[in-house]
Each structure stands twice: as structure tokens, then as C-alpha cells.
2 protein chains.
Amino acid sequence: MTPDTQDSFKALADPTRRQILMQLSQQEMTIAEITDQFDMTRAAIKKHLTILEKGNLISVKTKGRERINSLETDGLKTVTDWLTYFDHFWDNKLNRLQTTIANNNTDHPDSD
Amino acid sequence: MTPDTQDSFKALADPTRRQILMQLSQQEMTIAEITDQFDMTRAAIKKHLTILEKGNLISVKTKGRERINSLETDGLKTVTDWLTYFDHFWDNKLNRLQTTIANNNTDHPDSD
DNA sequence: AATAAGCGATACCAAAAGGTATCGTATTTA
DNA sequence: TAAATACGATACCTTTTGGTATCGCTTATT
């Protein structure tokens, strides 16, 4: 059950799916309820939900003939964890910028 | 110059492009240098770079006949900003979990 | 001046993504 | 029990995506 970064990023790459997540952050919803919010068929929404589930962004519980979808934070954590890799660059950005400006007129000597 | 969330998310949805970003977080690189790190043609890498640039994840400066690509934090910020929308859910997750457990035997009578 | 290096742009291709239509199944409800 | 509801699954279609091959332009290099 290794968190698959690719599945999570891919799931977030579609605007409809991101909107679904925002809806689900407000309340749990069945497939039909989600479909009502969009201009596409239930089958299309179901496909999106499958992708979101694979990306660990939602979880589903069955209740009679209904499937209730709710937000799952695991996939979001996978993505934010990946993004933290760049924190050190974020911190160093000002330094790099200053270095760039300092070296702006004099090209580095050995490549001339 | 509104930051286009879709472009940034889409740019991050490909594993090759994420790897390129990690490379660029270490050092600026030309297209040829990046290509050396991957098992695909320069044309393919160039396409990825164009998508990364559109997502505000890299910037390019021309130096003679070379194009030097460097990491740009704007696109990363666009994505992290979007993700912060779910912070409140993150905080409330324990609450919701407890509520779910409490309601586990008695089906909720209404949709509250 | 001739040649090599670094790159942009385009045409082209196979596979994946996003969508619809349709049929089947399980669960409520009248 | 019969009908409606909520959904799963599949086949099918069009567009997008990720890749190659190729040509040509500009900038070094000799």
C-alpha cells in the first residue's frame, strides 16, 4: 500500500476532479448528488471517482444501494509531501537571485 | 497574468516532468544536459519543458545558442495555495471520524 | 568560410484520457 | 410482487498526450 505519487498527482490534474474534491470537502455525497452538480453523465462522474479513489483522495462506503463518497486526506498528504522536497529551494531562492545578480556582468571565468 | 491552476497541476501530473523539476532544483541545466539524464529524445524533453514553462514551474534564459532552464516557484505556489483550501478539512478530520463512529449503528435520519 | 553544436518547429504515430450510450444487477418502495 | 432507484460495467468514439523523426535556423568553433 505504498502511496503512489503518480496516481495522486494524476487524479488532481483534472479540473472536474478538483471540483469534486471541493464539493466533498463540504459534505459527503452519493454519485447521483455529485452528478447533479456537473453537466455530464453519471458514467463520466463515476470514472472520475474511480480515479480519485485510486489516488487516495476519496474513500467510499456502501450503504444499501448507495455509495457515499467522502474526502480522504491521504492523497493530499502524498502530494504535499512531494512538494516539500522543494522547500529548501524556496528558502534559497533569494540567495540564488542575489548570486545571479552578482554574477550578471562577469560571466563565469572558465567557460569564456 | 492570473496564475492558471490547471496549467500548473497538469504540468506536475507527468513523472518525467516531476523528475526534471527535481533535477533543476539542484542546478540550472540546458536542454541537452537534461536530455542526458533521460532515455528519450531532445524533442520529447523540449515538449515537457514547454509544458513546465506554461505551468510557471520553470523559467528560461537564453545565453548564446543555449537555453538555460531553472526552477520557478510560482507554479509550486499556485498548487500549494490550492491545496491549503483543504486545511480546514484536515483539521476537522478527527471530528468527522468521531462523528462517523458515533453514527455507525444508527443511520442518520436526515442528511444532516 | 566551412563545419559543428544547440536548439525550434513541424509532421506524424500509438496510446491514454474524457466523454456518451446502453445494458445488467442489486436494493428500495409502492 | 412489480416497478423505480442507484449504481457497475462495458463498448465505443473523439481528443489529448507522450513520443519519434526530420528539417532548418542561429551561434560557436576551427
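In what follows, chains are A, B, ... by sequence order, proteins preceding strands, each numbered from 1.
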**Report entry** Phosphate-side-chain proximity, T41(A) and dT20(C), N/O vs OP1/OP2 below 4.0 Å
**Finding:** yes

Query raised in the report: To the nearest angstrom, how far is D39(A) atom CG from dT20(C) atom P?
Result: 8 Å

Query raised in the report: CG of L52(A) versus C1' of dA17(C): gap in Å, rounded?
Result: 14 Å

Report summary line: To the nearest angstrom, the CD-P distance between Q6(A) and dG18(D) comes to 9 Å

Query - Between dG18(D) (P) and R18(B) (CZ): distance, integer Å - result: 11 Å

Report summary line: Here the salt bridge (Lys or Arg N to Asp or Glu O under 4.0 Å) pairs for residues 10-24 of chain B, sequence neighbours left out, are none

Query raised in the report: Along nucleotides 6-14 of chain D, 5' to 3', which nucleotides get a B, which get an S, and which get a -, given that the test is a protein heavy-atom distance under 4.0 Å?
Result: SBB------

Query raised in the report: Applying ring pair (Phe, Tyr, Trp, His ring centres under 6.0 Å), which residue pairs with at least one partner in residues 5-30 of chain A are found, sequence neighbours left out?
Result: F9(A)-W82(A)

Query raised in the report: Which residues pass the side chain to side chain donor-acceptor pair (under 3.5 Å) test with D81(A), sequence neighbours left out?
Result: K77(A)

Report task. Please state how far atom NZ in K61(B) lies from atom P in dG6(C), giving the value in whole angstrom units. Result -> 18 Å

Report summary line: Which of dT20(C), dG18(D), dG19(D) is nearest the side chain of R17(B)? It is dG18(D)

Query raised in the report: Rounded to the Å, how far apart are I45(A) CD1 and dT20(C) P?
Result: 9 Å

**Report entry** K10(B) NZ - dT15(D) C1' separation (whole Å)
**Finding:** 11 Å

Report task. Evaluate the side-chain contact (heavy atoms from CB on, under 4.5 Å) criterion for residues T78(A) and D4(A): first the C-alpha distance (whole Å), next the side-chain angles of each, then the deciding distance (0.1 Å), finally the verdict. Result -> CA-CA 8 Å; T78(A) 300; D4(A) 191 327; over 6 Å; no

Query raised in the report: What residues, two or more places apart in sequence or in another chain, satisfy salt bridge (charged side-chain N to carboxylate O under 4.0 Å, His left out) together with R67(A)?
Result: E53(A)

Query - Angle of first-five versus last-five pair axes in the helix from dA1(C)-dT30(D) to dA30(C)-dT1(D), to 10 degrees - result: 20°

Query raised in the report: Residues in side-chain contact (heavy atoms from CB on, under 4.5 Å) with T30(A), at least two apart?
Result: A32(A), E33(A), E66(A), I68(A)

Query - Qualifying ring pair (Phe, Tyr, Trp, His ring centres under 6.0 Å) pairs with a residue from residues 15-71 of chain B, counting only residues at least two apart or across chains - result: none

Report summary line: Residues at least two apart in sequence or cross-chain that pass side chain to side chain donor-acceptor pair (under 3.5 Å) with K46(A), listed by chain then number, are T50(A)

Report task. Would you kindly give the CD1-to-C1' distance between I20(A) and dG19(C), to the nearest whole Å? Result -> 13 Å

Requested in this report: Could you tell me whether the phosphate oxygens of dA17(C), OP1 or OP2, come under 4.0 Å of any side-chain nitrogen or oxygen in H48(A)?
Outcome: no

Report task. Answer whether the closest heavy-atom distance between the side chains of V79(A) and L12(A) falls below 4.5 Å. Result -> yes

